[in-house]
Amino acid sequence: VVLNTYIPNQIEGLTESAKTNLSNKLSQIATKAGMGGSASNPRFIITANVVVLTKDITSTAPPMHAYTLEITFYIGDGIEGTKFASTSLNLKGVGETETKAYNSALKNLNVNDKRYQTFIEEGKNKIIEYYNSKCDFIIKQAEMQTTKNDFDSAIATLTAIPEVCKDCYDKAMNAVGPIYKQQIDRQCK
């Protein structure tokens with residue numbers, strides 16, 4: 001199972017540099033759990049939402065901006081919109097500008113925090129459960145795509161099933177051969 005990093009554009013105060021920083025942190029969290037990378041089928045995503053809880057200006061000279069951010073992490077299905085796992089934490093950052101304070105808070109995100117292992121494991125288990133419970137529907141979907149002569153989509157649907165879902169994966173791989181043969185036969189005609 002591969003988790004693809006996704007950062008929505010509507011996060012309050014998220015500059016391009018902060019977006020890149022957050023994306024890198026999410027990639028590191030997924031990679032540390034053995035689920036990082038990019039897949040040709042980016043169905044499952046790891047994403048975050050950032051909410052600015054407080055914005056303060058310190059009474060120091062020069063005045064500094066102090067932010068408290070709440071970051072909620074999600075693992076979900078990027079196609080159907082199903083959420084499989086979530087966790088959140090608060091981070092603080094201080095900087096000469098609002099942007100620097102925001103980035104400072106994101107830099108305090110510790111990718112080695114043990115909470116992420118639990119979070120990723122919960123998401124992974126729910127993704128496996130998803131495939132095991134919907135296996136027959138996924139195979140039926142591929143069959144429907146085949147009847148419409150959409151062989152590439154049918155094969156992509158079946159090959160997107162991860163190997164860790166052994167029974168479903170085996171059923172899907174057994175279904176790929178005949179679909180590929182139909183595709184070749186149709187092309188030969």
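Below, all heavy atoms of this structure are taken into account, side chains as well, without hydrogens, waters or symmetry copies.
Note on Met144 and Phe151: separate hydrophobic clusters, where clusters join Ile, Leu, Val, Met, Phe, Trp and Tyr whose side-chain heavy atoms are under 4.5 Å apart, directly or indirectly. The hydrophobic cluster containing Leu89 also contains Tyr67, counting ILVMFWY residues as joined when their side-chain heavy atoms lie under 4.5 angstrom apart, directly or transitively. Val164 and Leu158 fall within a single hydrophobic cluster, where Ile, Leu, Val, Met, Phe, Trp and Tyr side chains are chained together by heavy-atom contacts under 4.5 Å. Hydrophobic clustering of Ile, Leu, Val, Met, Phe, Trp and Tyr side chains at less than 4.5 Å, counting indirect connections, unites Ile138 with Met173.
Judged by distance alone, the side chains of Gln145 and Thr157 do bring a donor and an acceptor atom under 3.5 Å apart. For Thr99 and Thr97, the side-chain atoms include no donor-acceptor pair closer than 3.5 Å. Checked by atom type, the side-chain pair Thr5/Ser23 shows no donor-acceptor distance below 3.5 Å. Looking only at atom types and distance, the side chain of Lys92 has no donor-acceptor partner in the side chain of Asn108 under 3.5 Å away.
Separation of the Tyr6 and Tyr74 ring centroids does not fall under the 6.0 Å cut-off. Remark: aromatic rings of Tyr116 and Phe73 are close, center separation under 6.0 Å.
With contacts defined as side-chain heavy-atom distances shorter than 4.5 Å, the pair Lys25/Leu106 does not qualify.
Taking 4.0 Å as the cut-off between side-chain N and carboxylate O, Lys140 and Asp136 do not count as a salt-bridged pair.
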For this session: For the pair Asp152 and Gln183, evaluate side chain to side chain donor-acceptor pair (under 3.5 Å) and give the outcome as yes or no after the intermediate values.
Result: CA-CA 8 Å; Asp152 290 335; Gln183 181 181 29; 2.8 Å; yes
For this session: Would you sort out whether Asn112 and Lys32 count as a side chain to side chain donor-acceptor pair (under 3.5 Å), showing the intermediate values?
Result: CA-CA 8 Å; Asn112 295 316; Lys32 283 192 177 293; 3.1 Å; yes
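Ring planes of Phe84 and Tyr130: perpendicular class, angle over 60° (limits at 30 and 60°).
Between the NZ atom in Lys148 and the OG atom in Ser153 there is a gap of 10.0 Å [rounded to 0.5 Å].
Counting all heavy atoms, side chain and backbone alike, His65 lies closest to Ala101 at O-CB, 3.4 Å.
More than 12 heavy atoms of other residues, nucleotides or ligands shown are found within 6.0 angstrom of CD on Glu70.
Asp77 pairs in a side-chain hydrogen bond (donor to acceptor under 3.5 Å, both in side chains) with only one of the listed residues (Arg43, Lys126, Lys83), which is Arg43.
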